[in-house]
S.K.: 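Could you have a look at this structure, given as structure tokens, before my questions?
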Amino acid sequence: MSTPTRSDRKYDFKHIEAKWQERWEKERLFHAPPLPQHDNKFYMLVMFAYPSGDIHMGHFRNYIIGDAVARRQMMLGKAVLHPFGWDAFGLPAERAAIQRNIHPSEWTDNNIEVSRSTLQKVGISFDWSREVITCHPDYYKWTQWMFVQLFKHGKAFRKRGVINWCPEDKTVLANEQVKEGRCERCGTLVEKKDQMGWYFRITDYADRLTDDLDSLPGWPENVKTMQKEWIGRSYGLEVDFQIEGTGEKLAIFTTRPDTIFGVTFMAISPEAEILGKLPLTPEFAAKVREYQKQAAGRSDIERAAATLEKDGVFTGRYAVNPFNGERVQLWVADYVLAGYGTGAVMAVPAHDSRDFAFAKRYGIPIKVVIHPDANTPLDVNKMTEAFTDHGPMVNSGQFDGKAGESAIDAVSSFAESKGFGRRKVNFKLKDWSISRQRYWGAPIPIIHCSNCGEQAVPEDQLPVLLPKVENYMPKGRSPLADVPEFLNTICPKCGGPAERDPDTMDTFVCSSWYFLRYLDAQNESAPFDKEAGKRWMPIDLYVGGITHATGHLIYFRFFTKFLKDIGWIDFDEPAKKLFNHGMVMDAHGEVMSKSKGNVVSPIALMESRGTDITRLAMFFTAPSEKEVLWSSDSLTGVEKFVLNRMYPIIKEYRGSRPDLKRYFKQAELDENERSIYVKLNQTIKRVSEAYDRLQLNAAIAAVMELTRDFDSARIKDAGLNDQIVLKSIQMIAPMAPHLAEELWETAGFKESIFKSDWPEFDPSAVIGDMIEIAVQVNGKLRDSIQVPAGSDQASVEAAAAASPKVQAFVTGKEILKRVYVAGRLLNIVVKG
RNA sequence: GCGAGAGUGGCGGAAUUGGUAGACGCGCUGGACUUAGGAUCCAGUCCUGAAAGGGGUGGGGGUUCGAGUCCCCCCUUUCGCACCA
């Protein structure tokens, strides 16, 4: 299959790839300088990997995209930082340890070895001297340092609260790790539990995390939208309702103050704290308790099912609407979320679909206070669903007639002036729960002292080393809790006996700052050098999968903002540009998985067809942001291109060692030469733009066209001929680096092609001396005419008028006007 | 339900952002060279039509000299969130 016919040399990719990988390594070609010039650097980051031991098509695609960009930036003369590392803490290592009776670190380190050497075979231009491994103490020392900084600034705190509990993994999960009520990792239904744990106050950053998205034009809209929705900022009014016959107030949050005269009941979440403070008669208290039990037994999914019939129980108590003094029933209902707002809502059945369903079920009155518009009243008896749009207020006292924003404004201001309400901003985003009751993670650097409370481990005592343990079997509490040598310590403040926190940190903490450690990975006295941060940051391009849109990609922005606030860095946003590559599916559009047996290994392909051909095939099959349905057909076209055109092209090289910066004068070239010279420059332009937009499929297509049109036999000028050969090789180099290096060397260059200058196009040669003008009559194409470049409108019109095809549509008709687009098109508009 | 995308040949996909739709590649058809071809080369390949021409970018309207591209209404589809009051 790989036997070329036109080439008299076999394309011995195995030899070529090994040779160049070795040479790159020896020459330290990819080692980034410690402190680049800020205006001439490029930080190319790909999401680091969990070391599972194999590199699959998804990794392959991710890293070759980053590689193509990094290598091209090298050719553009930038100081390039292109590092890699391993997100090495996490559950699979514990699993494997339990199954095979080896230590998680051993399993992890072995996998890293295997994966690293695979990546080296892919020829990715990583600077391995900056590799980070998050489970090694020299890294997690600084993860703990980050925790301590957060703690010292009040951004890390411990509280008891309802948490997501995965019964399979036996650990707490952050909200971001729960998808559709299930553990993102193992798919088990998540349970609610009331438990003590550590949190990061990411909610303090909610406004900035939302607002600053607008300063990121280089981020895809869909990711920004997803983050905004996840953070879920909403503006509204908090109103106090007195609970009749008690001194208690019930505060509620609403985004629709304009419906407040339509409140006909109130609803409290069964988990809301206020419920405990309500004096209930024994009869009602028992009913409420029973309902609470029932609600607690329902999974999140059951409770969230939108179609689920709302249910609840009456508390026997009444609340008073401060706007009109009306007395309404106070219910407990589990469609109200405990964790949002105040855990209680004012219910306006006429204008909220959930309240509507509830009111219908329990026969609670429905009161219309908004009309669709002034002339279209709503009839309560005919309503089959709530009317939730905006419209003029009715039955609302002095507010009648106000509508929309101004209505909300008027009601809010009134409440504020009377002192029973205040404007408020609420977020869906919750504080980030980071305690994990598992072994294989970074220990939380906190000491609990019965006298002094929670004390951060002094920075000079970091890292808190993860001890060896006998048993990683998950029991629902951290394995470290059973290691007295670890647990027992002394209080750093009073010196008395104290205990370490037994929990470890969510691995997303480790990955929230790894991009900074790359700047200065060996630093033993600081997480990274501030000057290196100034020079290298922000990340110029961050490439990874879309799956991290509302997890990692929010967390690392949060860390960045925190570190800026405490003076470690001087920028607000970590990454200027974000690119999400598409997934790699099998030929039928199914996700590749071991259980389906449809996994295609990039390694096998690289071995049978060559790494560069495999890389080109991945680039060429689909644009990088779209999903790829991978089949072996993907290889056919690019393989022919490499074997029949690209690899043999070097035979056409005449050894002229041309000045690659020289531009030719079109007048000095003959017709064949001129046309290929124009093609060359058009190609350089197209390819450069394609790389800039990461349209690597289009970049390959353009080079294919050039090499197809290139016919050395028809070119007299050796310098021109050789420019075409060499620039074609340069243009393909970032995508097929081994092949390009080999050809470049064959042409006589001693230095790596990645030290050569990326070709620039001759602006005077992107259009030829004769150009084609489309001639339309009434917008329909009738002919294409050749005119000298630079012709004015009059001469183009004259040439068009001479065309018989055009004449056929114009003769005898009145010409109304002519639209001329210079160098492209002439449209003759005729009557009739 | 809410939100954000996407619909272009048999297939993957191009189209300088309002200016010659279908680049490049796969597949397919025919031919050349061959003992052979699953190699290579040449030609063809949106539909219709003998041709001239006509039609054509999910469907329907609109703006414009000109719309795949902009606007409105549908349809299909992918992804995300999912009782957030």
Side-chain angles (χ1 to χ4, degrees), chain A residues 1 3-6 179-181 220-230 232-234 236 252-256 259 267 300-301 303-308 310 333-337 339-342 344-348 351-355 357-358 388 426-430 546-547 549-550 583 589 617 620-623 625-629 631 633-638 640-641 643-644 682 685-686 689-690 695 697-705 708 766 772-784 805 808 816-830:
Chain A
M1 199 66 192
T3 308
T5 55
R6 242 173 62 170
K179 305 282 168 191
E180 295 182 356
E221 280 308 317
N222 62 338
V223 172
K224 290 194 277 189
T225 306
M226 281 163 71
Q227 292 206 352
K228 277 189 182 165
E229 285 179 2
W230 185 263
R233 179 166 62 189
S234 57
I252 55 88
F253 174 75
T254 178
T255 54
R256 290 297 302 274
T259 66
D300 258 18
I301 291 218
R303 283 175 66 159
T307 52
L308 187 76
K310 314 282 179 236
D334 74 351
Y335 76 89
V336 181
L337 302 176
Y340 183 79
T342 62
V345 299
M346 66 179 207
V348 185
H351 307 293
D352 181 285
S353 48
R354 297 153 299 186
D355 300 342
F358 195 89
T388 57
N426 252 316
F427 296 93
K428 291 190 208 174
L429 184 73
K430 304 281 193 302
I546 185 76
T547 46
T550 55
M583 298 219 291
F620 190 62
T621 302
E625 71 280 5
K626 288 193 68 172
E627 69 180 28
V628 157
L629 304 191
S631 82
D633 293 346
S634 305
L635 284 157
T636 312
V638 291
K640 283 198 227 171
F641 166 65
L643 298 181
N644 302 328
Q682 287 173 336
K685 185 165 189 281
R686 276 173 71 190
E689 288 167 357
Q695 293 178 336
N697 55 332
I700 295 170
V703 179
M704 282 175 165
E705 281 186 51
R708 175 200 64 192
V766 288
E772 201 178 64
I773 301 284
V775 183
Q776 299 179 334
V777 178
N778 287 350
K780 289 195 188 218
L781 182 69
R782 293 307 177 190
D783 199 5
S784 271
K805 290 184 187 172
L816 297 176
K817 70 166 161 177
R818 298 181 179 84
V819 181
Y820 179 60
V821 183
R824 298 189 134 302
L825 166 145
L826 175 70
N827 187 14
I828 302 168
V829 185
V830 299

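Numbers restart at 1 for each chain; the letters A, B, ... are given by sequence-line order, proteins then strands.
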S.K.: Give a yes or no on this: more than 12 heavy atoms of other residues, nucleotides or ligands lie within 6.0 Å of atom NZ of A/K224.
M.R.: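 Yes - once you tally the heavy atoms of other residues, nucleotides and ligands closer than 6.0 Å, there are more than 12.
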S.K.: Establish, with yes or no, whether the OP1 or OP2 oxygen of B/rA85 is under 4.0 angstrom from a side-chain nitrogen or oxygen of A/Y340.
M.R.: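 Yes, because at least one side-chain N or O of A/Y340 sits under 4.0 Å from OP1 or OP2 of B/rA85.
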S.K.: Hey, which of these two, A/I773 or A/R708, hits RNA chain B nearer its 5' end, going by closest nucleotide?
M.R.: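 Of the two residues, A/I773 wins.
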S.K.: Would you please confirm or rule out a distance under 4.0 Å between OP1 or OP2 of B/rU40 and any side-chain N or O of A/N644?
M.R.: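 A/N644 to B/rU40 OP1/OP2: side-chain N or O found under 4.0 Å.
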S.K.: Could you classify B/rG9 for me, syn or anti, using a glycosidic angle within 90° of 0 as syn?
M.R.: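 Because its glycosidic torsion lies within 90° of 0, B/rG9 adopts the syn conformation.
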S.K.: Assign each of A/D352 and A/N827 to its nearest nucleotide of RNA chain B by heavy atoms, then name whichever residue's nucleotide is nearer the 5' end.
M.R.: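 This one resolves to A/N827.
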S.K.: Generate the contact string for nucleotides 2-14 of chain B. Rules: B means base contact, S means sugar-phosphate contact only, - means no protein heavy atom under 4.0 Å.
M.R.: -SS-------SSS
S.K.: In terms of ring plane angle, is the pair A/F358 and A/Y335 parallel, tilted or perpendicular, where the classes change at 30° and 60°?
M.R.: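 Geometry flag for A/Y335 against A/F358: tilted rings.
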S.K.: With a 4.0 Å limit, can you tell me whether A/K640 has a side-chain N or O closer than that to the phosphate oxygens OP1/OP2 of B/rC26?
M.R.: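 Answer yes for this pair, as a side-chain N or O of A/K640 is under 4.0 Å from OP1 or OP2.
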S.K.: Within less than 4.0 Å of OP1 or OP2 of B/rG54, is there a side-chain N or O belonging to A/R782?
M.R.: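 It does, given that an N or O in the side chain of A/R782 lies less than 4.0 Å from OP1 or OP2 of B/rG54.
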S.K.: Does B/rC81 have its OP1 or OP2 closer than 4.0 Å to a side-chain nitrogen or oxygen of A/K179?
M.R.: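 Looking at the OP1 and OP2 atoms of B/rC81, one of them is under 4.0 Å from a side-chain N or O of A/K179.
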S.K.: Looking at A/S234, does any N or O in its side chain come under 4.0 Å of the phosphate oxygens OP1/OP2 on B/rA85?
M.R.: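 The answer is yes; a side-chain N or O of A/S234 sits under 4.0 Å from OP1 or OP2.
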